[in-house]
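See below for the structure under consideration.
Just so we're on the same page: letters track the sequence lines, and every chain starts at 1. These numbers come from a predicted model, not from an experiment.
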Protein chains: 4
Amino acid sequence: MLETETTTRRERRIAARKAQLLDAAAQVFSHKGYEKATTKEIAELADVSEGTLFNYFATKRELLIGVAKAYADEVAADIESVQGETFEDMLAQLAANRFRRGRERRLFMLFLYESRLNADVHQYYVEEALHRIIDVLEQRLTALIDAGVMRPVDPALTARMMSATTMGFAALFELGVSMGTTSPETLGAAVTDIHLNGLRNQNGANQDV
Amino acid sequence: MLETETTTRRERRIAARKAQLLDAAAQVFSHKGYEKATTKEIAELADVSEGTLFNYFATKRELLIGVAKAYADEVAADIESVQGETFEDMLAQLAANRFRRGRERRLFMLFLYESRLNADVHQYYVEEALHRIIDVLEQRLTALIDAGVMRPVDPALTARMMSATTMGFAALFELGVSMGTTSPETLGAAVTDIHLNGLRNQNGANQDV
Amino acid sequence: MLETETTTRRERRIAARKAQLLDAAAQVFSHKGYEKATTKEIAELADVSEGTLFNYFATKRELLIGVAKAYADEVAADIESVQGETFEDMLAQLAANRFRRGRERRLFMLFLYESRLNADVHQYYVEEALHRIIDVLEQRLTALIDAGVMRPVDPALTARMMSATTMGFAALFELGVSMGTTSPETLGAAVTDIHLNGLRNQNGANQDV
Amino acid sequence: MLETETTTRRERRIAARKAQLLDAAAQVFSHKGYEKATTKEIAELADVSEGTLFNYFATKRELLIGVAKAYADEVAADIESVQGETFEDMLAQLAANRFRRGRERRLFMLFLYESRLNADVHQYYVEEALHRIIDVLEQRLTALIDAGVMRPVDPALTARMMSATTMGFAALFELGVSMGTTSPETLGAAVTDIHLNGLRNQNGANQDV
DNA sequence: AATGAATGAGACTTCATTCAT
DNA sequence: TATGAATGAAGTCTCATTCAT
């Protein structure tokens, strides 16, 4: 029906505007930090007036929450798409999508910081993104342990450890800590190697480190 | 001599004031973030007037730099004190001192964020604190690899991985991600176990994960 | 077209606001001096909020520069309009427009002082206002000397002397130094008389003073 | 008596301190302007603590008044010393002492500005310095007119005109308006020449300018 | 629905003045 | 008497938010 179509078209336009504003907000927030970012700059980057921005998002904070929500949605979609992969590929894919691009790393740094200061951001980033990733890792680990492929370690803790390592690397990268000439692939492989096989020299097993 | 004593007393008083202000600043910055923290609140917490604060630190930013510098000094002292320990104990000690107490974890989150936005903070946190820790780990790893105790992995990368894991755990903790009932000690032991021995079940070695 | 009209109307409104603020600023600056003037008082006199003031002038200093620029524009227009007058009339007109009204005298005192402390004010007041007046006087004097109407004095120096005298009178007036019952016209005539004919009694020429 | 001597010595010490502070204040005030000058900087330049400064002058404004008073005293002494000179020499001497040195010109600019804003400064600068100079010029002019050496111009107005010209030149100088290669002496001679003999070419007298 | 000028609360910072030592 | 740390009032400027057009 015409009415429905009109409404739909409007809704599409509204959604597009919101997305455009969220994009600009994500960019400015992740570069300058939430507090230093100004609604003026976000509006300019989105090529709308400041008044228009506030027609779509009632407060600056709602913009941040919107960015967090969009991020959580991306993560959810990503998790869906890796369900069929091997554990190693899944791990690589999740990490890559989260941290390979600068934009994602910067958003990660942003949420890492803002989650502590805002309950809504925490809700979207920690509960709906981070926890989902951890949960899917934990399930896979449990299965691998049950199958006898992995040692009977605590799967919850191990999933968190894997996330922690990846997050830590992203942070180090973002802080400008050099990784030598190592490519992301080599780095991923090396980390996986250590996680799977350990550091200990098996020829000289049980030596005290 | 009297002159010396007087000077010393004054210098002591000034140093004490500075420390008192840095303490207050560390507290407020780490709870609210640099931008949301106000000099008013810091001054109140330090129990001095706002004017007095600016007698000791010319700008709010200098206060942040002061906090970062104090942190770097603590880390340097800490590194000195762990030189005699075994690798495992050293690792545990460095991690614990950096992340066991909430105060330290919050400062870590603060610097993690602000290092990207301020060159001085980067200087103190990344170069004078983080890099020192990584370097000392790298040296130890190199020695252990040379001694044949560990496999010939890349020591630079492995040192970064260990730091990354610890940092990631601190972040997860700070984000309120539950670690189950695991105590810090158990957690440390489990992580060390995986790092040393790997996840792979040796009985079924070379199975695809 | 509507677009053009709308733009023009907005631009007119903005120009009007700026003028209104510059007017208020000129008034407050010239009465209290730049440093003692507050943006609060200027905004109140212009009947806008302090925030609005800063939408039009980024800093208090820019407001001062704006006032100086407006003054220089007035002088430039004034110089255009006196090109056709006789030397005497031109002199009287330039002096009158600069110093007859209290507002102009106070602005003169303001720029006299602030030109030394601010390069932009110097640019507008000294270079674009004062120098123009001196130059036009100098040109006229040169012509009159060439025509044999005036003695072959140094025209550059004489132009400066005439300006100096006028400026000095304005200052004396502003300092409240009484000129007796002398009207501005009488004063102007007397000064011109002395400048043209000198003080020396020609009947007793060459007497030592 | 010992008592008297002690008192006298203290008074001398106090007077010396005051002079030292006034000197520093004159320097800072005349360079930065009264408002931009800080008591801290004045104290440092006088090589005493800020607290000590306030032991000798209750407020910053009293310092300014003190500087003005000292200036008026200098002028008074100067006037005494030129009583025996010829009119021309007297004129030259008074002008030179007031404006030849940068320090004096800057103080002149300071008082010119601050006299309008502070009654005490006005009292000392305008009434006790400027007026005295004008008065002595006026008396001399009256005598010269009575003696028939000068034309019967209004002596009050003429004295003000001479002061105005000198003040105006000082201001021009301070504003950086170039006087060509003219030395102060040449300039003084040229001005005196015009004042005495006028600009008009006597060969072509009564021509319209 | 879009605009952007207006607002005003609140931030950082300065500095004359006070006062305990 | 000299000191300089402490004070707090007041100033400039920023920016999220509102609102008339």
Side-chain angles (χ1 to χ4, degrees), chain A residues 10 13-14 17 34-44 46-63, chain B residues 6-7 9-10 13-14 16-18 21 35-43 46-63, chain C residues 6-7 9-10 13-14 16-18 21 35-43 46-63, chain D residues 10 13-14 17 34-44 46-63:
Chain A
R10 177 190 297 169
R13 214 182 48 220
I14 289 177
R17 249 313 135 81
Y34 174 73
E35 295 293 342
K36 289 290 277 184
T38 65
T39 50
K40 187 172 189 291
E41 187 178 358
I42 293 168
E44 274 169 10
D47 206 38
V48 298
S49 75
E50 222 174 333
T52 298
L53 185 157
F54 279 94
N55 285 340
Y56 290 89
F57 296 90
T59 64
K60 185 186 174 188
R61 196 143 281 275
E62 287 216 350
L63 264 175
Chain B
T6 307
T7 306
R9 188 176 302 155
R10 177 181 301 159
R13 219 182 44 217
I14 290 177
R17 245 319 129 81
K18 275 201 156 188
L21 281 162
E35 295 293 342
K36 286 292 276 183
T38 67
T39 51
K40 186 172 188 289
E41 187 177 0
I42 294 168
D47 206 38
V48 298
S49 76
E50 221 173 332
T52 297
L53 184 157
F54 282 95
N55 284 344
Y56 289 88
F57 296 90
T59 62
K60 184 187 175 189
R61 193 145 285 272
E62 286 220 346
L63 215 35
Chain C
T6 307
T7 306
R9 190 176 301 154
R10 177 182 301 158
R13 220 183 43 217
I14 289 177
R17 244 321 129 80
K18 275 200 155 189
L21 281 161
E35 295 294 342
K36 286 291 276 185
T38 66
T39 50
K40 185 173 188 289
E41 187 176 359
I42 294 168
D47 206 38
V48 297
S49 76
E50 220 173 333
T52 297
L53 185 157
F54 282 97
N55 283 343
Y56 290 88
F57 295 91
T59 63
K60 184 187 174 189
R61 195 145 282 273
E62 286 220 347
L63 216 33
Chain D
R10 176 191 296 169
R13 215 182 47 220
I14 290 177
R17 250 312 135 83
Y34 174 73
E35 295 293 340
K36 289 289 277 183
T38 65
T39 51
K40 187 172 189 291
E41 187 177 359
I42 293 168
E44 274 168 11
D47 208 37
V48 299
S49 75
E50 223 173 332
T52 298
L53 185 157
F54 279 93
N55 285 340
Y56 290 89
F57 295 90
T59 64
K60 185 186 174 189
R61 194 143 284 273
E62 287 216 350
L63 263 175

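Looking at C:Leu63, C:Leu21, C:Val48 one by one, the single match for side chain to side chain contact (heavy atoms under 4.5 Å, CB included) with C:Tyr56 turns out to be C:Leu21.
Close to E:dG4, at under 4.0 Å from its OP1 or OP2, lies a side-chain N or O of C:Arg10. Between A:Arg17 and E:dA1, a side-chain N or O to OP1/OP2 separation shorter than 4.0 Å is absent. The side chain of D:Thr39 places no N or O atom within less than 4.0 Å of a non-bridging phosphate oxygen (OP1 or OP2) of E:dC15. Contact annotation: B:Ser49 side-chain N/O to F:dG8 OP1/OP2 distance is not under 4.0 Å.
The CZ atom of C:Arg13 sits 8 Å away from the C1' atom of F:dT21 (whole-angstrom rounding). Atom C1' of nucleotide F:dA16 and atom NZ of B:Lys36 are separated by 11 Å, given to the nearest angstrom. Rounded to a whole Å, the CZ atom of D:Phe57 is 13 Å from the P atom of E:dT17. Rounding to whole angstrom units, CG of residue B:Leu53 and C1' of E:dC15 are separated by 16 Å.
Side chain of C:Lys60, nearest nucleotide from F:dT12, E:dT14, E:dA2: F:dT12. Of the listed nucleotides (F:dT3, E:dT7, F:dT17), F:dT3 has the atom at the smallest distance from the side chain of D:Asn55. Of all nucleotides listed (E:dA5, E:dT3, E:dC15), E:dA5 comes nearest to the side chain of C:Tyr56. With E:dT7, E:dC12, F:dA16 as the choices, the nucleotide that has an atom nearest any side-chain atom of C:Thr52 turns out to be E:dT7.
Checking F:dT21 for Watson-Crick or G-U wobble geometry (two distances, each under 3.5 Å) identifies E:dA2 as its partner. Under the Watson-Crick or G-U wobble criterion, with both distances below 3.5 Å, F:dA16 is paired with E:dT7.
Not a single donor-acceptor pair under 3.5 Å links the side chain of D:Lys36 to the backbone N or O of C:Glu35. Counting only distance, with no hydrogens or angles, the side chain of C:Lys18 and the backbone of C:Phe57 share no donor-acceptor pair below 3.5 Å.
Residue-level contact check: C:Thr38 touches the backbone only, with heavy atoms under 4.0 Å from sugar-phosphate atoms and none from bases. Across all strands, D:Ala37 comes closer than 4.0 Å only to sugar-phosphate atoms, never to a base (heavy-atom distances). Among the heavy atoms of the strands, none lies under 4.0 Å from C:Arg61.
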field: Intermediate values then yes/no, side chain to side chain contact (heavy atoms under 4.5 Å, CB included), D:Asn55 and D:Arg17
entry: CA-CA 10 Å; D:Asn55 285 340; D:Arg17 250 312 135 83; over 6 Å; no
